[in-house]
Structure formats: C-alpha cells, structure tokens
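Bear in mind the structure is a predicted one, so any value in this text is a computation, not a measurement.
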Amino acid sequence: SSGINAEYGVVQFLEKDSTLTEVVIKGLLKFWPKTHSPKEVMFLNELEEILDVIEPHEFRKIMKPLFQQLARCVSSPHFQVAERALYFWNNDYIMTLISDNADVILPIMFGALYKNSKS
C-alpha cells in the first residue's frame with residue numbers, strides 16, 4: 001500500500017536530515033484526525049517510526065505538544081487508540097527520551113494515565 005511507502009520515505013528522509021523532524025511532527029500533530037480511530041492508529045504508527053530515529057535535541061523541541069497529543073490518545077474512548085498510544089512505553093529508545101525529559105513529560109502524561117486507571 002502507498003501508506004507504508006510514504007511512511008518509509010518520511011523516516012528515510014529524516015535520517016538524512018534530522019533538522020526537518022520538528023516540521024514533520026508539527027505537521028502530523030496539526031492534521032491529527034479528530035474522530036477516526038483507525039486513522040489515529042495510523043498516525044500513532046507513523047509517529048513511533050519517526051521517534052525511533054529522532055535526535056534527542058530535536059525531540060526536546062516537540063516533546064510538549066507531542067505528549068499532549070499522546071496523553072489525549074491514552075485517554076481515548078477508542079480502545080485501539082489508547083492501547084496503541086500506551087504501546088509507546090514499550091519502546092526502549094522512546095523510554096530513554098522520556099526518562100531524560102521526565103520533568104516535562106510526566107506531568108503531561110500523569111493526568112491521562114491517572115484518569116485511565118480510574119475508568
């Protein structure tokens with residue numbers, strides 16, 4: 001499918017020029033689907049692919065809006081979306097980025113995770 005090729009292309013592209021990471025992620029966040037849960041899962045897949053190759057200094061530029069979006073996904077009423085977002089925490093590289101920036105990221109995520117544990 002063309003979706004997979006496009007995703008592969010973006011990651012290849014960012015590996016060559018990491019300075020474009022911020023623009024690409026901000027674009028993804030800007031066009032994030034509001035209601036379509038299968039589409040949201042696709043966006044989450046794409047996001048994880050990008051985070052796998054992101055440079056730590058590029059990550060710091062976008063971590064706030066990025067984790068605000070992830071927090072919304074974790075709290076999603078759609079099970080597949082919430083599950084896919086939680087799956088980011090199984091990624092060793094992303095976990096390293098999170099723990100290196102825990103002071104910023106954990107307060108954003110905590111509310112969402114807490115709300116999830118109550119429901």
Side-chain angles (χ1 to χ4, degrees):
S1 92
S2 63
I4 289 171
N5 293 338
E7 182 177 290
Y8 186 68
V10 168
V11 171
Q12 301 295 92
F13 187 61
L14 294 177
E15 281 183 309
K16 287 190 183 71
D17 186 356
S18 66
T19 60
L20 297 168
T21 310
E22 183 181 5
V23 177
V24 170
I25 289 182
K26 281 186 169 163
L28 261 182
L29 295 175
K30 184 177 177 192
F31 295 108
W32 201 272
K34 294 284 176 277
T35 49
H36 287 290
S37 57
K39 213 172 186 182
E40 269 195 287
V41 172
M42 276 174 48
F43 270 65
L44 287 163
N45 290 340
E46 173 83 21
L47 200 53
E48 186 170 7
E49 294 277 321
I50 294 168
L51 290 180
D52 269 333
V53 300
I54 199 168
E55 301 285 340
H57 66 278
E58 291 294 326
F59 176 77
R60 282 189 291 277
K61 294 181 193 171
I62 50 84
M63 62 186 174
K64 258 192 171 144
L66 176 68
F67 278 86
Q68 284 160 351
Q69 182 60 57
L70 266 182
R72 282 192 288 274
C73 290
V74 164
S75 310
S76 173
H78 293 286
F79 173 72
Q80 291 94 338
V81 175
E83 185 183 49
R84 183 64 189 88
L86 284 169
Y87 204 70
F88 277 58
W89 305 85
N90 290 345
N91 181 312
D92 291 336
Y93 182 57
I94 294 174
M95 277 311 291
T96 304
L97 294 169
I98 290 171
S99 54
D100 290 346
N101 300 282
D103 54 324
V104 175
I105 294 170
L106 291 185
I108 296 171
M109 291 305 300
F110 183 75
L113 291 168
Y114 180 74
K115 209 174 1 183
N116 234 21
S117 74
K118 288 286 167 229
S119 57

Checklist entry - Any link between V104 and F59 through a network of hydrophobic side chains (Ile, Leu, Val, Met, Phe, Trp, Tyr) touching at under 4.5 Å? => result yes
Checklist entry - Do the side chains of I54 and V23 join up, straight or via other hydrophobic residues, at under 4.5 Å, putting them in one cluster? => result no
Next on the checklist: Restricting to non-hydrogen atoms, name the atom on L97 and the atom on N101 that form the minimum distance, rounded to 0.1 Å.
Outcome noted: O-ND2, 2.7 Å
Next on the checklist: L44 vs L70, test: side-chain contact (heavy atoms from CB on, under 4.5 Å). Steps then yes/no.
Outcome noted: CA-CA 9 Å; L44 287 163; L70 266 182; 3.7 Å; yes
Checklist entry - Can you name the residues that form a side chain to side chain contact (heavy atoms under 4.5 Å, CB included) with P107, not counting sequence neighbours? => result none
Item to check | Distance in Å, E46 CD paired with I50 CD1, rounded so as to fall on 0.5 Å steps | outcome: 4.5 Å
Checklist entry - Of all residues at least two apart in sequence or in a different chain, which pass the side chain to side chain contact (heavy atoms under 4.5 Å, CB included) check with E22? => result K26, E58, K61, I62
Checklist outcome for this item: One should read off an interatomic distance between I94 CD1 and S99 OG, to the nearest 0.5 angstrom, of 12.0 Å
Item to check | Residue list, side chain to side chain contact (heavy atoms under 4.5 Å, CB included) with Q80, at least two apart or on another chain | outcome: V41
Item to check | M63 CE to D100 CG distance, which is reported to the nearest 0.5 Å | outcome: 10.0 Å
Next on the checklist: Please check if the number of heavy atoms outside Y93 that lie under 6.0 Å from its OH is greater than 12.
Outcome noted: yes
Item to check | Partner residues of F43 under the ring pair (Phe, Tyr, Trp, His ring centres under 6.0 Å) criterion, sequence neighbours left out | outcome: W32
Next on the checklist: With heavy-atom distances below 4.5 Å as the criterion, would you say the side chains of R84 and N45 are in contact?
Outcome noted: yes
Checklist entry - So do N91 and L51 actually touch side chain to side chain, heavy atoms under 4.5 Å? => result no
Checklist entry - CD1/I108 to NZ/K64 distance, rounded to the nearest 0.5 angstrom? => result 6.5 Å
Checklist entry - What pairs with W89 under side chain to side chain donor-acceptor pair (under 3.5 Å), at least two apart in sequence or on another chain? => result none
Next on the checklist: Contact between F67 and I98 at the side-chain level, heavy atoms closer than 4.5 Å - yes or no?
Outcome noted: yes
Item to check | ILVMFWY network linking M42 to Y87, side-chain heavy atoms under 4.5 angstrom | outcome: no
Checklist entry - Below 4.5 Å, heavy atoms only, C-beta onward: do V74 and F88 meet side chain to side chain? => result no
Checklist entry - Is a salt bridge present between E40 and K34, judged by a nitrogen-to-oxygen distance below 4.0 Å? => result no
Item to check | Sequence-distant partners of R72, side chain to side chain contact (heavy atoms under 4.5 Å, CB included), two or more places apart | outcome: Q68, Q69
Next on the checklist: As an exercise, state the distance from CE of M109 to OG of S75, rounded to the nearest 0.5 Å.
Outcome noted: 7.5 Å
Next on the checklist: With a 4.5 Å cut-off on side-chain heavy atoms, are I105 and L66 touching?
Outcome noted: no
